[in-house]
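Chain identifiers are assigned alphabetically (A, B, ...) following the order of the sequence lines, protein sequences preceding nucleic acid strands; residue numbering begins at 1 within each chain. Here the structure is a predicted model, which is why all the values come from computation and not from measurement.
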2 protein chains.
Amino acid sequence: MPNPISREEKQKLLEEIKESLKNRGFKTTEARQKLISYLIDYGRHFEIEDLVVWIRERCRDYKNCPSRPTVYRTVKLLEELGYVKPVLKQGNRTVYEFLPVKGEHYHLLCLSCGKLVEFEAPQIGDMVKGIAQREGFKYLHHHLEVCGICPECLQKEERKEN
Amino acid sequence: MPNPISREEKQKLLEEIKESLKNRGFKTTEARQKLISYLIDYGRHFEIEDLVVWIRERCRDYKNCPSRPTVYRTVKLLEELGYVKPVLKQGNRTVYEFLPVKGEHYHLLCLSCGKLVEFEAPQIGDMVKGIAQREGFKYLHHHLEVCGICPECLQKEERKEN
DNA sequence: GTAACTGCAAAGACTTTGCAATCCC
DNA sequence: GGGATTGCAAAGTCTTTGCAGTTAC
């Protein structure tokens, strides 16, 4: 599921991130720009190993495709800048989310096929902040994940049983 | 933070888990019993690598201390039986929870010292189940984690600044 | 007795790091 | 020019697996 984003929006986002890098004293190298560009195309959720493969497949057209360590390092960097966030771990892998300006939301995960559905529920955010406060914590962020079986997989299961 | 549990309660729990193993056709081997016993002593939250070390330290008194692969395998087994649940990943490690009969609850995690505080909020469970249903999912379970800085660490930070 | 289980060592998978070469400012 | 960044190869972690020997039932 590639990011549904227009050419202009993509360009604007790229510029924004480059700006952000500069502001924090990081260099806007070719490898980083390429990675970010790929990331924008790739979609909202990604795992680094998948991303590495995906970039490689597309890199016949390009030279200097960002190497695995660069991908890891750049993703970590983008996390620092707030553009990327680890949302869950599946097996050994970290699933990240690329969040160019999007509100608080949660994930409904299908344990059968891995599909992620996003949903919002601001009440939960409020509740959770209240609880943190009650316990004397400084609230930073929270993370909710709901696991189940998606409608498609449920149907498949039914068919199997018949 | 070891599990606050009396000698009798521990014995009872051990028996229950052994029973559960038998019922599912698994053997109650010495290694498994030892591991479970250690697990009960260890506390509510654990990481396997820590547990391995912890057990080893205590194993001078015992022979046949369960090996690393056995710990991994037994924890996975206990997860199948529903006694143990992975609750979060910190870096590469999986943090498990040992849950002998305890209701739905959540975690408040201090990002500075790693302390976990548990809290309950049944409304969240209800809400989340409703959302799953709305999306056509069969609900299985959910997981909420709130991150912040605990009161103690906040104080330390303040002291540093002065 | 035999299938399940264990421990060991080794392999796997994801992630990080040391270092020489390269690139950005 | 000089420090940041890259790519490579190698190392680090956590976790899993193959297999020969052992154990529970």
Rounded distance in Å - [atom1] ([X]) to [atom2] ([N]):
X	N	atom1	atom2	answer
A:L21	C:dC24	CG	C1'	13 Å
B:E49	D:dT13	CD	C1'	8 Å
A:N92	D:dG12	CG	C1'	14 Å
A:E47	C:dA13	CD	P	14 Å
B:F26	C:dA3	CZ	P	17 Å
A:R24	D:dG3	CZ	P	22 Å
A:E30	D:dA4	CD	C1'	16 Å
A:K27	D:dG2	NZ	P	13 Å

Are any of the side-chain heavy atoms of B:Y83 and B:L39 separated by less than 4.5 Å?
no

Any donor-acceptor pair under 3.5 Å linking the side chain of [X] with the backbone of [Y]?
X	Y	answer
B:Q133	B:Y139	no
B:H141	A:C147	no
B:R24	B:S20	no

Base, sugar-phosphate or nothing for A:R32? Non-hydrogen atoms, less than 4.0 Å.
sugar-phosphate

Whether B:K18 and B:E15 form a salt bridge (side-chain N of Lys/Arg under 4.0 Å from carboxylate O of Asp/Glu) is what I want to check.
yes

Counting only heavy atoms and a strict 4.0 angstrom limit, can you tell me which residues of residues 70-79 of chain A come near DNA chain C?
A:Y72, A:R73, A:K76

For the pair A:D50 and A:R93, evaluate salt bridge (Lys or Arg N to Asp or Glu O under 4.0 Å) and give the outcome as yes or no after the intermediate values.
CA-CA 10 Å; A:D50 288 347; A:R93 292 185 173 192; 2.8 Å; yes

Consider the side chain of B:P69, meaning its heavy atoms from C-beta on, and name the nucleotide among C:dC8, C:dT16, C:dT15 that approaches it most closely.
C:dC8

Reading DNA chain C from 5' onward, which residue's closest nucleotide shows up sooner: B:R68 or A:K89?
B:R68

With sequence neighbours excluded, residues passing side chain to side chain donor-acceptor pair (under 3.5 Å) with B:E152
B:K115

Looking only at side-chain N and O atoms, does [X] come under 4.0 Å of OP1 or OP2 in [N]?
X	N	result
B:T29	C:dA4	no
A:T94	C:dC14	no
B:S67	C:dC5	no

By nearest-heavy-atom nucleotide on DNA chain D, the more 5' of B:R93 and B:K22 is B:R93

